[in-house]
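Lettering follows sequence order; numbering is per chain, from 1.
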Amino acid sequence: MNKYFAKEIEPKWQEYWEKNGIYKFKKDQKKKKYYNLVELPYPSGDLHLGHWFAFTPPDAHARYKRMSGFNVFYPNGFDSFGLPAENAAIKRGIHPKDWTYKNIETMKKQFETMGTMIDWGSEVITSDPEYYRWNQWIFIKMYEKGLAYRGKALSNWCPVDQTVLANEHIEQGKCWRCGAEVIQKEVEQWCLKITEYADRLIWPENTSLDWPKEVKEGQNNWIGKKEGMLIKFRIQNSEFRIRELEVFTTRPETTDGVSFLVIAPEHPLNKEIKEKRVQTYIEEASKKTEMERKEDRTKSGVFSGFEAKNPVTGKNIPIWISDYVLAGYGSGAIMAVPFADERDREFAEKFNLSILKTDFKAKPEGKKTVNYHLRDWSVSRQRYWGTPVPMIHCEKCAVVPVPLEDLPVELPYKVDFTPKGKPPLASDEAWLNVKCPKCEAPAKRDAETLDTFFDSAWYYYRYCSPNYEKGPFDELKIKELMPIDIYFGGSEHTLGHTLYARFFTKFFKDLGLVNFDEFAQKRAQHGVILGPDGVRMSKSRDNVVNPDDFVKEYGADTVRLYICFMMPYTATAPWSDSAISGVYKFLKRVWDLQNKIKDHKSNLKSENMSSEEFYQMHSAIKKVGDDLDTLNFNTAVSALMIWLNFLSSKKDVYRLEYETLLKLLAPFAPHITEEVWHSINPSANSIHLENFPLYQAKFTVRETVQIIIQVNGKIRDTIEIDSSKIKDQSFVENETKNSEKIKKYIQNGVKNTIYVPGKILNFVV
RNA sequence: GGGCGAGUGGCGGAACGGUAUACGCGAUAGUCUCAAAAACUAUUGGCUGCAAGGCCUUGAGAGUUCGAAUCUCUCCUUGCCCACCA
């Protein structure tokens, strides 16, 4: 027998699996489908430790499910549009497309070294025209339903470059490129009316779906449904076109304590106020970036010079302007009740405003209304590397969607995508100028691209029929494969991606394309492997751990197993390689255990195994299987170690024991188990086509059990009884009579006796 | 400020309200060796005792319970997400 040498066996089996297509998903009426999904990666060009952590435990789960008789669908793809490609291109002069597709090639090769059972036959690459064509199709459908509209959204705006900036492109309040001060500006852009689905996106108390509480509550809070009232305050100035201020409040009963009104700097009323100090304040407020607003919480504001009449008390109260009132929430105007609200009091104290009392009994007139924290989703990006918005702007007909049969609107390759103050696509005249589909007059294409969260909101539908040409997906395939049975991913997607995905699913249902309401039965969120210094890994910090180094040293199986073992899947903890050698040692010991197999030709058949041997084996099968089901990968591995410790303490190992061990280990360490499996079964098929061993409940209990004897809850002795007797309390009590230790404690009489069958006998004295 | 979570040996971490510290790392001693590495064996929460044993221990404090790391309350520390949401 050779020594365990991972480097030699791993590529061999990866090739074998590929050649024999053992991971190809095939329709199988006899088996239940199991859609196992991990969030598709961004093709950054390097498979890092985070990818290993995101993909290998789910791979073990998928392999277990497959061995347990499910027809497992485990596809993968690439979320390949987006800013990094464009930034890399600008920096290094490579075209975003070339950069992206080269990275995808590299990463797919790296994925192979991981030894996953991913079926790449259903791969989806979101920057392929065959994919984003359907992005455009969905966008147009949303437009037709009134869900996609031109709206105004507050954005970071560079006044020099004349462009919207992403948060990451603002450095200390200045534009990353030209250094100009970034301001907040309402910019017209494409928005999706996710708010129309707000109610349906709220998780009901008793959902049958298995999603973490953290996600359900997080999303519900984010949607932030609040019931309140809109109350009108008459402005004491007859020259304004706006005569009334409408405010939203959840506490109408405090209206008698309204001491002043506050409106947001962006409130339309401000356009009618010409005073210089007011305009100066508004300008200053617009310069504050998000970061500054977060950091500086001191109240600022300016008196508008006008008053409004409190509908309850009839008193005139001043109208102030302050950026602590948000334009986007409610009506962008509040009634300030400093007596009851801390922020209002802070403001009143800062500007010496009088504070009126409220007895919380006011009953103002007003419209009952519901407000949501959730905003509509702005999807326009003034960027090159994304899905072109499939719209045409015509002077006569305004906005006209591209006819569906003309899709996709392909992204032109030769475009100057360096920032120029207008969207890169706008500089490609040949692409930009088209005829209006309605009136045939000269018109222009929309030069913006879609947010990449649009791409990832529905990619898992496309996996089901990646080459389908009659629609975004084949409805029959969807019936077969959706919804997803388990969706693995990161917690950073709680308020973005997974919410959008739910929104899209509900939209598809409204279109009649699908007959379910939620896209994933179960959501499993992993933690994060931090750098060895306990901080998030990043190149700038120089704390990035490269998994390839460990793969080279120990092999992929060891790295997979270690990632499963080192911490719970949900945990966030620093990377440490201190224990990886222990996992490697474990695999070597499994390998070496071949030597101990009793010759299968001998008469020592598994029927001759002792009850302890049966107990150990069946307990391991149960524990490993259960843990793979419930995603407790670390304790599954420890159960394997415990059993191996038992097996290696014996003189010989039964073939049944050893083969069972290999099958339990196969989901974690697919290569070594395959190698050894073939070496002891030369004519066998792949171990990954074997069934996961079944345990028998009767073997998971020992013949005798230890009962703990307590006195007043303190352990004083243990006794061993036959497990058939565990239900017999008086028998157990009698047994303890022999114990000198116990006698000593209970000689003065027993007040009460508590017996937990098979566990504990507690005397209360 | 709001929401969700976490605090257990030297370290990563196990423990349906029922033997706390499984498993792994590290450490100590031993076997093997000229030596080292590797491998194997034993020990490894603290205090106390020659020993049998006893006492203490899951961030701090209270409570519920025959019994609490686990449930409840208060506080402390810490992580993540959101954040002037009226």
Check: For residues A:Glu346 and A:Thr298, is any side-chain donor paired with an opposing acceptor at under 3.5 Å?
Finding: no
Notebook entry, point to check: Judged by modelled atom types alone, do A:Glu39 and A:His493 share a side-chain donor-acceptor pair under 3.5 Å?
Noted result: yes
Notebook entry, point to check: At under 4.0 Å between heavy atoms, what does A:Thr635 touch on the DNA or RNA strands: base, sugar-phosphate, or nothing?
Noted result: sugar-phosphate
Margin query: Any N or O donor-acceptor pair under 3.5 Å from the base of B:G18 to the side chain of A:Gln710?
Written below: yes
Notebook entry, point to check: For atom P, what is the distance between B:C32 and B:U19, given to the nearest Å?
Noted result: 41 Å
Check: Which whole number of Å gives the distance between the P atom of B:A68 and that of B:G59?
Finding: 15 Å
Notebook entry, point to check: Which of the following nucleotides, B:C82, B:G13, B:G5, is nearest to the side chain of A:Lys213?
Noted result: B:G5
Item checked: Test item: side-chain donor near acceptor, A:Asn371 and A:Tyr329, under 3.5 Å -> no
Next item on the list: Please work out if A:Ile708 contacts a base, only the sugar-phosphate, or nothing of the nucleic acid, heavy-atom cut-off 4.0 Å.
Entry: base
Next item on the list: With the side chain of A:Pro568 defined as its heavy atoms from C-beta on, choose the nearest nucleotide among B:G13, B:A20, B:C84.
Entry: B:G13
Margin query: Rounded to whole Å, how long is the line connecting atom CD1 of A:Ile223 with atom C1' of B:C4?
Written below: 16 Å
Check: Of all the choices, B:A39, B:C84, B:G24, which nucleotide is nearest to the side chain of A:Lys588 once you look at every atom?
Finding: B:A39
Notebook entry, point to check: Considering only side-chain heavy atoms of A:Leu326, which listed nucleotide, B:C84, B:C82, B:G18, is closest?
Noted result: B:C84
Item checked: Identity of whatever pairs with B:A22 - Watson-Crick or G-U, under 3.5 angstrom -> none
Check: Considering only the P atoms, how many Å lie between B:A22 and B:U72, rounded to the nearest integer?
Finding: 27 Å
Notebook entry, point to check: Considering every strand shown, what is the Watson-Crick or G-U wobble mate of B:G53 when both distances are under 3.5 Å?
Noted result: B:U48
Next item on the list: Can you figure out which of B:C25, B:C84, B:C55 approaches the side chain of A:Arg716 most closely?
Entry: B:C55
Next item on the list: Assign A:Val756 to base, sugar-phosphate, or nothing according to its heavy-atom contacts below 4.0 angstrom with the strands shown.
Entry: base
Checklist line | Base paired to B:U70 (Watson-Crick or G-U; both N/O distances under 3.5 angstrom) | finding: none
Item checked: Distance, P atom - from B:U44 to B:C82, rounded to whole angstrom -> 48 Å
Checklist line | From B:C82, B:A39, B:C66, nucleotide with atom closest to A:Lys585 side chain | finding: B:A39
Next item on the list: Decide ring pair (Phe, Tyr, Trp, His ring centres under 6.0 Å) for A:Phe586 and A:Trp591; before the verdict, give the C-alpha distance in whole Å, the side-chain angles of both, and the deciding distance to 0.1 Å.
Entry: CA-CA 9 Å; A:Phe586 166 77; A:Trp591 177 279; over 10 Å; no
Checklist line | Pair partner, B:A36 [Watson-Crick or wobble, under 3.5 Å] | finding: none
Next item on the list: Output the single nucleotide from B:G18, B:C4, B:C82 whose closest atom is nearest the side chain of A:Lys759.
Entry: B:G18
Check: Is A:Asn371 touching bases, backbone alone, or none of the nucleic acid, heavy atoms closer than 4.0 Å?
Finding: nothing
Check: Does A:Lys714 make a side-chain N or O approach to OP1 or OP2 of B:C66 shorter than 4.0 Å?
Finding: no
Checklist line | Modelled atom types, side-chain donor and acceptor of A:Thr704 and A:Glu720, under 3.5 Å | finding: yes
Check: Can you check the A:Asn645 CG to B:G24 C1' distance for me, whole Å?
Finding: 10 Å
Next item on the list: Give one of base, sugar-phosphate or nothing for A:Phe565, where a contact means two heavy atoms less than 4.0 Å apart.
Entry: base
Notebook entry, point to check: In terms of the nearest nucleotide of RNA chain B, which residue is placed more toward the 5' end: A:Ser648 or A:Asn712?
Noted result: A:Ser648
Checklist line | Donor/acceptor link under 3.5 angstrom from A:Lys751 side chain onto base of B:C66 | finding: no
Checklist line | Closest listed nucleotide, where the reference is the side chain of A:Ser638 and the choices are B:C84, B:C23, B:G3 | finding: B:C23
Item checked: Test item: side-chain donor near acceptor, A:Thr358 and A:Asp256, under 3.5 Å -> yes
Next item on the list: Using Watson-Crick or G-U wobble geometry with both distances below 3.5 Å, tell me the partner of B:U28, or none.
Entry: B:A42
Next item on the list: Mind checking A:Leu640 for me? I need base, sugar-phosphate or nothing, with any heavy atom below 4.0 Å counting as a touch.
Entry: nothing
Check: Across the strands shown, which category fits A:Ala573 at heavy-atom distances under 4.0 angstrom: base, sugar-phosphate, nothing?
Finding: sugar-phosphate
Margin query: Between A:Tyr554 and A:Asp549, is there a side-chain donor-acceptor contact under 3.5 Å, judged purely by atom types and distance?
Written below: no
Next item on the list: Please work out if A:Gly330 contacts a base, only the sugar-phosphate, or nothing of the nucleic acid, heavy-atom cut-off 4.0 Å.
Entry: nothing
Check: When we call it a touch if two heavy atoms are under 4.0 Å apart, what does A:Ile754 touch: a base, just sugar-phosphate, or nothing?
Finding: base
Next item on the list: Using Watson-Crick or G-U wobble geometry with both distances below 3.5 Å, tell me the partner of B:A14, or none.
Entry: none
Checklist line | Watson-Crick or G-U wobble mate for B:U65, both contacts under 3.5 Å | finding: none
Next item on the list: Scan A:Asn634 against the nucleic acid and name what it touches under 4.0 Å (heavy atoms): base, sugar-phosphate only, or nothing.
Entry: sugar-phosphate
Check: Checking all strands, does A:Ser578 fall into the base, sugar-phosphate, or nothing category for heavy-atom contacts under 4.0 angstrom?
Finding: sugar-phosphate
Next item on the list: Using a strict cut-off of less than 4.0 Å between a Lys/Arg side-chain nitrogen and an Asp/Glu carboxylate oxygen, indicate whether A:Glu657 and A:Lys650 qualify as a salt bridge.
Entry: yes
Check: Contact class for A:Asn221 (heavy atom, under 4.0 Å): base, sugar-phosphate, or nothing?
Finding: sugar-phosphate
Item checked: Assigned partner base of B:C80, Watson-Crick or wobble definition, under 3.5 Å -> B:G3
Note to self: Whether A:Asn762 contacts B:U65 is assessed here as follows: a side-chain N or O lying under 4.0 Å from the phosphate OP1 or OP2. Is that the case?
What the structure shows: no
Next item on the list: Name the nucleic acid region contacted by A:Gln706, choosing base, sugar-phosphate or nothing; use a 4.0 angstrom heavy-atom cut-off, strictly under.
Entry: base
Margin query: If we count only N and O atoms by modelled type, under 3.5 Å, do the side chains of A:Ser300 and A:Tyr281 hold a donor and an acceptor together?
Written below: yes
Note to self: Side chain of A:Asp323, heavy atoms from C-beta onward: which of B:G18, B:C40, B:C84 has the nearest atom to it?
What the structure shows: B:C84
